[in-house]
Amino acid sequence: MKKVVKFGGSSLASAEQFKKVGKIIRQEESRRYVIPSAPGKRFSGDTKVTDMLYSCYHLAIQEENFEKLLSKIRERYQEIIDGLELKLSLDAEFQTIRENFSKKIGRDYAASRGEYLNGIIMANYLGYEFIDAAEVIFFDEKGTFDSEKTNKILSERLERVEKAVIPGFYGSAPDGRVKTFSRGGSDVTGSIVAKAVHADMYENWTDVSGFLIADPRVVKNPKAIDVITYRELRELSYMGASVLHEDAIFPVRKEGIPINIRNTNAPEDKGTLIVEATCRKPRFTITGVAGKKDFASITIEKAMMNSEVGFCKKVLEVFADNQISIEHMPSGIDTMTILVHQDEFEEKEQKVIAGIHRAVEPDFVEMESDLALIAVVGRGMKSTRGTSGRIFSALAHANVNVRMIDQGSSELNIIIGVRNHDFDNAIKAIYDIFVTTQV
Ligand code: ASP
């Protein structure tokens with residue numbers, strides 16, 4: 001059994017957190033490859049080391065004094081080293097960082113030092129080999145992750161290493177310069193390493209016990225999701241539920257490696273298992289419910305629209321020409337509605353309307369704003385009768401007026417449009433009918 005274990009910033013924010021992590025790793029021999037993030041927040045209002053590094057580098061490029069901030073960063077690491085009673089000095093490392101900042105070596109390099117230094121500490125603490133991610137994770141000239149080169153070099157290297165720490169978030173470009181993934185990118189590194197070593201499991205340790213069925217800011221103490229498929233997760237994270245970096249899914253998904261989201265502060269919790277497919281029956285009919293606010297809808301009406309060849313194409317071209325992405329597109333016989341992000345649309349509104357008039361000569365164009373979209377997602381919905389009936393009667397009881405319905409052809413989700421101000425009530429009502437009343 002081989003596991004890749006990634007620990008997020010809050011799991012590594014202090015010596016105390018490091019000790020919890022050490023205990024988790026030592027508990028299972030199979031936890032052989034460790035991906036650390038940079039130290040995160042220790043308390044609310046604290047600053048992540050990555051953010052401190054960005055600010056520090058900003059001072060360096062303005063040719064302002066960055067020494068004070070660099071010392072503060074250094075203190076964060078020293079506190080961890082002292083708390084773990086390690087005989088480790090980062091003197092030389094900080095000297096190199098100082099010199100490189102003065103040379104204005106690059107923003108990505110600056111940010112990556114958070115993970116790099118944490119990796120050195122982690123390797124020393126565990127007695128694992130340290131592998132600099134710049135030597136094994138590669139990007140191409142365009143700055144895109146080079147999966148082929150990485151997989152080849154990384155798997156060859158790790159074949160010879162029993163246990164290693166590989167810092168998350170960064171790699172190197174063809175010219176040798178450090179390049180990072182987007183924020184939260186250590187999740188991606190973990191996934192890449194899991195693929196390279198053909199891991200049995202990719203454990204992603206964070207500060208929550210997995211994905212929750214609904215947003216805890218809307219529903220009080222929502223239940224956690226035990227098992228979710230990659231497709232369900234895509235639907236939910238698209239709608240704003242986020243624990244994992246979106247790009248972390250692709251490397252492991254192709255290899256059929258499951259991801260287990262776990263809680264460093266509650267290691268006994270099983271967390272959420274993300275899998276390609278499962279025959280395990282879901283606990284509830286829905287796997288999750290999530291949504292986003294602030295959409296606008298444009299409804300176009302024209303008699304005999306259905307028989308006019310190329311009608312949709314012409315309308316969609318107007319949106320494309322104005323660089324507006326379309327979120328949903330429910331249609332009727334003589335109407336079609338386009339849902340877009342309100343903020344993106346507002347400034348181009350009149351141009352788009354004029355474009356539509358020119359393109360298809362509609363009878364009528366109507367617009368509405370302040371709409372919210374809610375996705376009810378669940379692989380269990382397909383085989384359950386009456387799901388939509390239950391959703392809509394729950395919404396009716398909660399006095400929520402449904403503005404739009406769109407069931408994905410995969411039967412994995414039902415998208416419901418409501419007014420922004422009904423958003424919370426709608427989510428609560430859906431959660432209650434499928435979860436609260438079932439336990
Ligand atoms: N430390 C980086 C960030 O704050 C990457 C990560 O934590 O995954 O975004």
Side-chain angles (χ1 to χ4, degrees), residues 4-14 17-18 20-21 33-58 69-70 72-74 76-77 79-80 90 93 97 101 106-123 130-134 136-137 139 143 145 150 165-173 178-195 202-208 211 233 237 241-252 259-265 274:
V4 169
V5 286
K6 180 259 166 179
F7 291 88
S10 59
S11 302
L12 299 168
S14 63
Q17 289 300 87
F18 256 78
K20 290 186 196 166
V21 167
Y33 301 104
V34 182
I35 317 299
S37 276
K41 293 183 183 180
R42 293 161 293 183
F43 42 84
S44 80
D46 196 13
T47 312
K48 287 176 162 197
V49 165
T50 309
D51 291 317
M52 294 169 88
L53 284 161
Y54 278 128
S55 311
C56 190
Y57 188 69
H58 186 71
L69 191 47
L70 194 63
K72 272 218 166 119
I73 296 170
R74 173 131 199 209
R76 291 283 312 257
Y77 288 104
E79 231 178 77
I80 297 173
L90 294 178
E93 296 296 348
I97 293 172
F101 272 37
R107 198 170 174 266
D108 282 11
Y109 165 86
S112 75
R113 296 305 87 183
E115 287 38 36
Y116 172 80
L117 295 168
N118 235 12
I120 292 178
I121 298 176
M122 177 65 89
F130 172 77
I131 297 178
D132 185 353
V136 287
I137 306 268
F139 293 83
F145 168 61
T150 300
V165 173
I166 304 137
F169 190 37
Y170 72 94
S172 58
V178 167
K179 165 106 189 80
T180 61
F181 292 105
S182 54
R183 295 298 303 265
S186 299
D187 285 343
V188 186
T189 311
S191 180
I192 292 165
V193 174
K195 175 182 171 177
Y202 168 26
E203 286 180 349
N204 189 297
W205 292 80
T206 168
D207 51 10
V208 288
F211 293 106
L233 181 61
S237 40
S242 74
V243 174
L244 190 72
H245 192 298
E246 282 224 318
D247 294 343
I249 290 177
F250 304 109
V252 283
I259 307 177
N260 192 187
I261 308 288
R262 301 283 296 262
N263 188 350
T264 301
N265 305 317
I274 312 167

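When a ligand or atom number is given, it counts from 1 through the structure's own listing order.
Annotation: Lys20, atom NZ; neighbour count of heavy atoms from other residues, nucleotides and ligands within 6.0 Å is above 12.
Summary of contacts: the protein heavy atom closest to atom 6 (C) of ligand 1 is Ser186 OG, 3.4 Å. Among protein heavy atoms, atom 4 (O) of ligand 1 sits closest to Arg183 NH2, 2.9 Å. Protein heavy atom closest to atom 7 (O) of ligand 1, with residue, atom name and distance, is Ser37 OG, 3.1 Å.
You'll find the side chain of Thr50 reaches within 4.5 Å of the side chain of Glu115, heavy atoms only. By the 4.5 Å heavy-atom criterion applied to side chains, Asp187 and Tyr202 are counted as neighbours.
Contacts with ligand 1 closer than 4.0 Å are made by side-chain heavy atoms of Glu115 only, the backbone lying farther away.
Classified by interplanar angle (parallel below 30°, tilted 30° to 60°, perpendicular above 60°), the ring pair Phe139/Phe181 is tilted.
With ring centers used as reference points, Tyr109 lies 6.0 Å or more from Tyr116.
Salt-bridge annotation for Asp46 and Arg76: present, with a side-chain N of the basic residue lying under 4.0 Å from a carboxylate O of the acidic one.
Ligand 1 has at least one atom lying under 4.0 Å from a heavy atom of Gly184. At least one heavy atom of Gly185 sits under 4.0 Å from some atom of ligand 1.
The contact set between ligand 1 and Lys48, taken as ligand atoms under 4.0 Å from a residue heavy atom, comprises 4 (O).
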